[in-house]
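Here the structure is a predicted model, which means the values were calculated and not measured. Starting from 1, each residue takes its place in the sequence as its number.
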Amino acid sequence: MGSLGAKSARQRSRTVREDWSAWLPAEMDQLFGDTRSELENSNVILSVALDEAISLSEQEQFTLAKERSLAFTDLFDRLAIRLRFVIRTIEQHGTHFGTLPNVTALDPANFRGTTAQRISFKDNLLARILFGGRSRFFHKLHALGEIIEELQDETRAIVWDVSDGAPIFPDRVWRELEVLGYDLNTCVGETTVVLKSFFCALPVEELEAFRLKLIAQVPDLLNVSPRRT
């Protein structure tokens, strides 16, 4: 029966919650797992970099703390760009093939910064009163991308402004960077959930086209060791 049998055996989940625990074919599951691991590993490294910078500042090693804060900014950009690439790949494939997953709107309560809360509130509001399924899905992708881009801009502005000024970072700066890191972590989770729901809706025959697009956007996935499914 081949791919037809595999396709007919897959039952579409009805909600995002069901998608998260749903079974995926082996190759699809591996690609999802590799992408998730790549994003989560980058997020852990980012968190460690910020913790080191704060610790050095508390020890009054301000020169090293500044160096770590600049490294944090680079790592923040690296993760943010990867998230935007994954979101872009989902959007391009969904637009071209019409693949539409289950979707839930962003929840402002999951963010701490005012910018992310404002954008997610708008997405949540419009999802309830204006949009059908297709529009809700693409608007959420747009909102996620907008939040990530704004977080990048705010992080760069904070670190660069302080690096060019006072010899030490005020405590306020570390708190602001911690909030920005928290909100980027929320975007990692939201993107991962969207990706899993997208795979649940993705026909098996479209997997290779999507995989090639994703790897073209995030080449490091080629270097991720295959997981045992």
Side-chain angles (χ1 to χ4, degrees), residues 12-22 24 28 31-33 35-40 42-43 46 76-77 79-155 179-203 206-207 209-211 213-214 216-218 221:
R12 278 293 301 273
S13 306
R14 291 174 294 179
T15 66
V16 171
R17 183 181 294 274
E18 290 180 1
D19 287 341
W20 185 249
S21 57
L24 292 175
M28 201 175 287
L31 182 58
F32 169 70
T35 307
R36 180 185 180 185
S37 295
E38 176 64 24
L39 296 176
E40 290 182 348
S42 296
N43 194 35
L46 178 70
F76 197 102
D77 276 338
L79 175 56
I81 289 169
R82 286 182 171 164
L83 284 170
R84 289 164 63 187
F85 281 164
V86 172
I87 292 167
R88 181 188 304 171
T89 305
I90 295 171
E91 182 178 18
Q92 289 176 344
H93 191 96
T95 300
H96 182 75
F97 288 91
T99 306
L100 298 174
N102 297 314
V103 64
T104 55
L106 294 172
D107 185 350
N110 293 332
F111 296 93
R112 291 170 56 188
T114 55
T115 299
Q117 288 178 343
R118 171 179 54 81
I119 297 171
S120 59
F121 176 81
K122 180 180 178 182
D123 177 66
N124 191 285
L125 178 64
L126 294 178
R128 283 184 290 165
I129 65 176
L130 292 178
F131 296 135
R134 179 181 177 84
S135 296
R136 284 200 307 270
F137 172 60
F138 287 110
H139 190 273
K140 179 173 184 175
L141 294 181
H142 176 77
L144 269 175
E146 185 180 359
I147 290 173
I148 293 165
E149 189 171 0
E150 291 286 345
L151 294 177
Q152 284 182 270
D153 291 343
E154 290 181 27
T155 300
V179 169
L180 291 168
Y182 181 95
D183 285 349
L184 189 65
N185 174 66
T186 299
C187 290
V188 171
E190 290 285 354
T191 303
T192 303
V193 170
V194 169
L195 182 63
K196 177 63 188 292
S197 288
F198 188 79
F199 276 126
C200 287
L202 186 71
E206 293 178 18
L207 174 60
F210 181 75
R211 186 185 71 83
K213 289 178 186 176
L214 188 60
Q217 297 281 1
V218 191
L221 288 176

* To do: Check for a donor-acceptor pair, side chain of Lys196 on one end and backbone N or O of Val16 on the other, with a separation under 3.5 Å.
  =>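 No; zero donor-acceptor contacts below 3.5 Å.
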
* Structure fact -> Across all chains, not counting sequence neighbours, the ring-ring contact (aromatic ring centres under 6.0 Å, His included) partners of Phe111 are none

* **Residues forming a ring-ring contact (aromatic ring centres under 6.0 Å, His included) with Tyr182, sequence neighbours excluded** =>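 Applying ring-ring contact (aromatic ring centres under 6.0 Å, His included) to Tyr182 gives none.
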
To the nearest 0.5 Å, tell me how far [X] [atom1] sits from [Y] [atom2].
{"X": "His139", "Y": "Leu144", "atom1": "NE2", "atom2": "CG", "value": "11.0 Å"}
{"X": "Asp123", "Y": "Arg136", "atom1": "CG", "atom2": "CZ", "value": "10.0 Å"}
{"X": "Asp19", "Y": "Thr104", "atom1": "CG", "atom2": "OG1", "value": "10.0 Å"}
{"X": "Asn185", "Y": "Leu151", "atom1": "CG", "atom2": "CG", "value": "11.5 Å"}
{"X": "Ile87", "Y": "Ile148", "atom1": "CD1", "atom2": "CD1", "value": "3.5 Å"}
{"X": "Leu106", "Y": "Leu126", "atom1": "CG", "atom2": "CG", "value": "11.5 Å"}

Do you know the tightest heavy-atom contact between [X] and [Y]?
{"X": "Thr192", "Y": "Val188", "result": "OG1-O, 2.7 Å"}
{"X": "Ala127", "Y": "Ala105", "result": "CB-CB, 3.6 Å"}
{"X": "Leu207", "Y": "Phe199", "result": "CD1-CE2, 4.0 Å"}
{"X": "Ala143", "Y": "Ile119", "result": "O-CG2, 3.7 Å"}

* More than 12 non-hydrogen atoms from neighbouring residues, nucleotides or ligands closer than 6.0 Å to NZ on Lys213, yes or no? -> yes

* Asked: So which of Ile81, Ile147, Leu180 actually passes side chain to side chain contact (heavy atoms under 4.5 Å, CB included) with Gln152?
  -> Ile81

* CA sep, side-chain torsions, deciding dist, call: Asn102, Thr15, side-chain contact (heavy atoms from CB on, under 4.5 Å) -> CA-CA 6 Å; Asn102 297 314; Thr15 66; 5.5 Å; no

If a pair satisfies salt bridge (Lys or Arg N to Asp or Glu O under 4.0 Å) and one of its residues is in [range], list it, with sequence neighbours excluded.
{"range": "residues 183-195", "result": "Lys140-Glu190"}
{"range": "residues 84-96", "result": "none"}
{"range": "residues 107-117", "result": "Arg112-Glu178"}

* To do: May I have the step-by-step check of side-chain contact (heavy atoms from CB on, under 4.5 Å) for Leu100 and Phe138, ending in yes or no?
  => CA-CA 9 Å; Leu100 298 174; Phe138 287 110; 3.8 Å; yes

State which residues pass salt bridge (Lys or Arg N to Asp or Glu O under 4.0 Å) with [X]; sequence neighbours excluded, sorted by chain then number.
{"X": "Glu146", "answer": "none"}
{"X": "Glu18", "answer": "Arg14"}
{"X": "Arg17", "answer": "none"}

Listed by chain and number, what are the side-chain hydrogen bond (donor to acceptor under 3.5 Å, both in side chains) partners of [X], not counting sequence neighbours?
{"X": "Thr99", "result": "Glu206"}
{"X": "Ser120", "result": "none"}
{"X": "Thr115", "result": "Glu154"}

* Give the intermediate values and the outcome of side-chain contact (heavy atoms from CB on, under 4.5 Å) for residues Leu24 and Leu31. => CA-CA 10 Å; Leu24 292 175; Leu31 182 58; over 6 Å; no

* For the pair Ile90 and Phe137, evaluate side-chain contact (heavy atoms from CB on, under 4.5 Å) and give the outcome as yes or no after the intermediate values. => CA-CA 10 Å; Ile90 295 171; Phe137 172 60; 3.5 Å; yes

* **Check: Leu214 and Phe85 side chains under 4.5 Å, non-hydrogen atoms** =>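 A side-chain contact is absent here, since even the closest heavy-atom pair is not under 4.5 Å.
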
* To do: Using side chain to side chain contact (heavy atoms under 4.5 Å, CB included) as the criterion, list what pairs up with Ala209, not counting sequence neighbours.
  => His93, Phe97

